[in-house]
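To start, the structure under review is shown below, and the notes come after it.
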Amino acid sequence: FLQRTTFGLSLRAAAADFDTARLMGIRSNSVIRGAFALSGLLAGIASVFWLMRAGSTVPSAGITPMLKGVLAALIGGLGSLRGAVLGGCALGMAEVLLRSRLPDSVASLTEGVVFLLIALLFIFRPQGLVSVDVSGPADESVVARSLAALDRDGAVVLANAVPAALCDELLHDLEPY
């Protein structure tokens, strides 16, 4: 979805360098609106599944899955979808293995042990399981590849008109003002 659709490519380009993507012709308001709509849709679907499993709800019902989702993204490494999925799988496997292997008398301490393991992970590998290089040339290549793909679809007219390096120079010159 994020690799092949016009919306996905626009979203990736805006995430890499929002100002350059905007100058290259990507409609920033549409990208932001679409990202919020997609997030809301996925959260709504997840909440329906959560409610079907729980049977009833209280105002604090979403705290646990939200905390686990944030922890999964941190474990996997910020800035990587694969990392977030890997972090979620690692978190789930750690909880299930600890609950099944620990004796019944200490099984209630599973979350504490998981948080201790997460703390150890962040001490020895602060960037998470999957590290993402966020240097300048990589960002420009993501924007350039995304815009080139969008240009093939005919969605962006200005993609070849202003090179990414020129946009970066223009933005750098405008920063003090």
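Heavy atoms only: backbone and side chains are in, while hydrogens, waters and symmetry mates are out.
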Item to check | Residue pairs involving residues 37-52 (criterion salt bridge (charged side-chain N to carboxylate O under 4.0 Å, His left out); sequence neighbours excluded) | outcome: none
Validation: residues 35-48 side-chain donor-acceptor distances under 3.5 Å, sequence neighbours left out:
residue : atom : partner : partner atom : Å
Ser39   : OG   : Ala35   : O            : 2.8
Ser47   : OG   : Ala43   : O            : 3.4
Ser47   : OG   : Gly44   : O            : 2.7

Item to check | Residues that Val96 engages under side-chain contact (heavy atoms from CB on, under 4.5 Å), provided they are two or more places apart | outcome: none
Next on the checklist: With side chain to side chain contact (heavy atoms under 4.5 Å, CB included) as the criterion, how do Leu71 and Leu67 come out once you've worked through the C-alpha distance, each side chain's angles and the decisive distance to 0.1 Å?
Outcome noted: CA-CA 6 Å; Leu71 283 175; Leu67 178 63; 4.2 Å; yes
Checklist entry - What are the two closest non-hydrogen atoms of Phe7 and Val31, and how far apart are they? => result CE1-O, 4.1 Å
Next on the checklist: Once side-chain hydrogen bond (donor to acceptor under 3.5 Å, both in side chains) is applied, do any residues pair with Glu111, and if so which ones, sequence neighbours excluded?
Outcome noted: none
Next on the checklist: The criterion is side-chain contact (heavy atoms from CB on, under 4.5 Å); which residues satisfy it with Leu74, sequence neighbours excluded?
Outcome noted: Val70, Leu78, Phe122
Item to check | Step-by-step side chain to side chain contact (heavy atoms under 4.5 Å, CB included) determination, Val106 to Val113 | outcome: CA-CA 10 Å; Val106 292; Val113 174; over 6 Å; no
Checklist entry - Is Leu97 linked to Leu117 within one hydrophobic cluster, defined over Ile, Leu, Val, Met, Phe, Trp and Tyr using a side-chain heavy-atom separation of less than 4.5 Å? => result no
Item to check | Atom pair CG/CZ of Asn29 and Arg22 - distance to nearest 0.5 Å | outcome: 9.5 Å
Checklist entry - What pairs meet the salt bridge (charged side-chain N to carboxylate O under 4.0 Å, His left out) rule with one or both residues in residues 30-43, with sequence neighbours excluded? => result none
Checklist entry - Going from CE on Met66 to OG on Ser60, what distance comes out if it is rounded to the nearest 0.5 angstrom? => result 10.5 Å
Item to check | CG-CD1 distance between Leu9 and Ile26, expressed to the nearest 0.5 angstrom | outcome: 8.5 Å
Checklist entry - Among pairs that include at least one residue of residues 48-70, which meet salt bridge (charged side-chain N to carboxylate O under 4.0 Å, His left out), considering only residues two or more places apart or in two chains? => result Lys68-Glu95
Checklist outcome for this item: Sorted by chain and residue number, the side-chain contact (heavy atoms from CB on, under 4.5 Å) partners of Leu51 (sequence neighbours excluded) come out as Thr57
Next on the checklist: Is it the case that the side chain of Arg27 and the backbone of Ser30 share a donor-acceptor pair, with hydrogens and angles ignored and the cut-off at 3.5 Å?
Outcome noted: no
Item to check | Rounded distance (nearest 0.5 Å) linking atom CZ of Phe115 with atom OG1 of Thr110 | outcome: 11.5 Å
Item to check | Within-4.5 Å side-chain heavy-atom neighbours: Leu102 and Leu109 | outcome: no
Checklist entry - Of all residues at least two apart in sequence or in a different chain, which pass the side-chain contact (heavy atoms from CB on, under 4.5 Å) check with Leu86? => result Leu129, Val130
Checklist entry - Among pairs that include at least one residue of residues 71-82, which meet salt bridge (charged side-chain N to carboxylate O under 4.0 Å, His left out), considering only residues two or more places apart or in two chains? => result none
